[in-house]
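Atom set for the values below is all heavy atoms of this structure, side chains included, hydrogens, waters and symmetry mates excluded.
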Amino acid sequence: MSKLKDKLAQKVQEHRPRTTRLVKEFGKVIIDQVTIDQCIGGARDIRALVTDISYLDPQEGIRFRGKTIPETFAALPKASGSEYPTVEAFWYMLLTGDIPTQDEVDEVVAEFKERGKVPSYVFDVIKALPKDSHPMVMLSAGILALERESEFLKFYNSGKFNKMTCWEPMYEDASNLVAKIAPIAAFIYRYKYRNDEQIAADPKLDFGANFAHMIGQKPPYDDVARMYFILHSDHESGNVSAHTTHLVASALSDAYYAYSAGLNGLAGPLHGLANQEVLAWIMEFQKKLGEGVEPTKENVTKALWDTLNAGQVVPGYGHAVLRKTDPRYTSQREFCLKHLPNDPLFKLVSMIFEVAPGVLMEHGKAKNPWPNVDAQSGVIQWYYGVREWDFYTVLFGIGRALGCMANITWDRALGYAIERPKSVTTPMLEKWAEEGGRKF
């Protein structure tokens, strides 16, 4: 057993009594209420899921295992010669809640190199699709094709299935999926956009640096990859990709079924596709200002009001939960200020950041006038030459695998039940509305 798996086993044993006690002694304690607008409006803000991997605070933003983004970056061991942690170090923290030593990180790095070998049939499946298929279709199909490798499936079919130990084969599947998803994504990139001229993995490199290498990028894009994958890794359990993965896995489907489904949700324009749409909007915004025109508070303010007065939204601004600037936006902005401060697109994004919150507050319709992660991320990719917009959601999918796989490993470790909310009818809601609430 690896040090990471051994540490995880210890954490599981320590945690299980807490969950058991909560259900046994406090199972009927009411922690929330449900209103009609929540019922019709997508179950927004209903406290009905449990995850210890991350928490989204309206003011602080995301916390990974209790740590803010700056605290996470500061605490984790850094990649060699880098200001950013390795993805492997972050994976260790997501699973255990502990900050790994460098030796523990090195073990995960070595383990991922072995786990990251992708069977050739996965590439055959991807190549069997029309080449103009969306890269998220290719990624989802590639992950689903790996299902025949599932250790969880083998354990379930062995006749020795045990709910107390089934987290172990789920951990194996989760680790294998995380290690393989970047090479699969890199293959898709080179297949679709670089004439199928593949670049072999470099055994000397960590997860983020190796992905950069395999798509043909040089430093500091290795840091872009590390930062991007960590920032996009998890966002509580209620977002579409994380919730879908949890939901499918709750039926005791294995990690490959579950995350392929999660990727299909991530591909939606209201979720992972948003970063692509924001970049398109920014470039169109730049055209409206005029070629070579320097963005100023005056011309950007006018252009924003023109957008709003035309009945359009300002993409990349607003968030379902956050009520301040998304710390993931701030983290990427700090990278841009250091590495691409004079890039025209970044200068425009920066000026929009200065002006848009005030305009949106004056407009009065936005609940949250502050930028989210999507307001910045596409600009960085464009600057470094990754200009294939439809691939941006694939990048998101690589990062999101970290949180989703850590979560479903713990779902099985704690024996969470199959998810099955209760539905009601519109006439029932109308009846309760007239009565002023359901009578218990």
Side-chain angles (χ1 to χ4, degrees), residues 29-75 90 93-94 97 227-228 230-246 265-266 268-272 274-275 277-278 308 313-334 349 352-377 396 399-400 402-404 406-407 421:
V29 172
I30 296 171
I31 61 170
D32 208 349
Q33 65 175 4
V34 179
T35 57
I36 288 176
D37 63 345
Q38 288 176 314
C39 196
I40 294 176
R44 180 63 53 87
D45 292 333
I46 297 172
R47 297 177 182 91
L49 296 168
V50 181
T51 174
D52 293 297
I53 307 300
S54 69
Y55 178 73
L56 183 57
D57 183 271
Q59 300 303 321
E60 286 188 324
I62 193 70
R63 279 182 174 265
F64 300 118
R65 286 293 188 170
K67 294 187 182 299
T68 65
I69 288 172
E71 288 169 349
T72 297
F73 282 144
F90 185 67
M93 189 187 91
L94 285 187
M227 173 183 66
Y228 195 94
I230 291 173
L231 291 180
H232 288 78
S233 62
D234 206 42
H235 219 224
E236 289 194 336
S237 287
N239 65 78
V240 172
S241 53
H243 187 199
T244 302
T245 304
H246 162 81
L266 186 66
L270 295 183
H271 193 17
N275 53 14
E277 295 192 333
V278 170
L308 293 170
V313 299
V314 179
Y317 281 73
H319 193 276
V321 178
L322 278 171
R323 294 298 175 261
K324 62 170 285 186
T325 298
D326 191 333
R328 298 173 300 171
Y329 173 93
T330 304
S331 184
Q332 292 182 98
R333 175 176 166 80
E334 289 170 354
V349 166
I352 293 172
F353 173 53
E354 286 188 42
V355 172
V359 170
L360 289 168
M361 280 190 279
E362 187 178 342
H363 186 250
K365 292 186 178 180
K367 291 182 179 178
N368 173 29
W370 304 104
N372 59 50
V373 64
D374 297 317
Q376 184 77 72
S377 56
F396 198 153
R400 185 50 51 91
L402 298 164
C404 287
N407 268 296

[X] side, atom [atom1]; [Y] side, atom [atom2] - distance, nearest 0.5 Å:
X    : Y    : atom1 : atom2 : result
C404 : H243 : SG    : NE2   : 11.5 Å
H232 : L402 : NE2   : CG    : 12.0 Å
E236 : R63  : CD    : CZ    : 12.5 Å
L56  : T51  : CG    : OG1   : 12.0 Å
L231 : S331 : CG    : OG    : 4.5 Å
Y228 : Q332 : OH    : CD    : 7.0 Å

- [ ] For the pair V240 and L266, evaluate side chain to side chain contact (heavy atoms under 4.5 Å, CB included) and give the outcome as yes or no after the intermediate values.
- [x] CA-CA 7 Å; V240 172; L266 186 66; over 6 Å; no
Min side-chain heavy-atom separation [X]-[Y] under 4.5 Å:
X    : Y    : result
Q376 : V349 : yes
D326 : Y317 : no
S54  : H235 : no
I62  : I69  : yes
L308 : V314 : yes
N407 : H246 : no

Open item on the list: Centroid separation under 6.0 Å, is that true for the rings of F90 and F64?
Closed with: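 F64 vs F90: aromatic centres under 6.0 Å.
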- [ ] Please identify each residue that fulfils side-chain hydrogen bond (donor to acceptor under 3.5 Å, both in side chains) with Q38, with sequence neighbours left out.
- [x]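 side-chain hydrogen bond (donor to acceptor under 3.5 Å, both in side chains) list for Q38, sorted by chain: T35.
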Task: Residue list, side-chain hydrogen bond (donor to acceptor under 3.5 Å, both in side chains) with N239, at least two apart or on another chain - done: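 N239 satisfies side-chain hydrogen bond (donor to acceptor under 3.5 Å, both in side chains) with S241, R400 only.
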Open item on the list: Which residues pass the side chain to side chain contact (heavy atoms under 4.5 Å, CB included) test with E354, not counting sequence neighbours?
Closed with: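 For E354, the residues satisfying side chain to side chain contact (heavy atoms under 4.5 Å, CB included) (neighbours in sequence not counted) are K297, M351.
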- [ ] Any chance you could lay out the ring-ring contact (aromatic ring centres under 6.0 Å, His included) test for Y329 and F353, step after step, and finish with the verdict?
- [x] CA-CA 10 Å; Y329 173 93; F353 173 53; 5.0 Å; yes
TODO: Determine, stepwise, if the pair S237 / V50 fulfils side chain to side chain contact (heavy atoms under 4.5 Å, CB included).
DONE: CA-CA 7 Å; S237 287; V50 181; over 6 Å; no
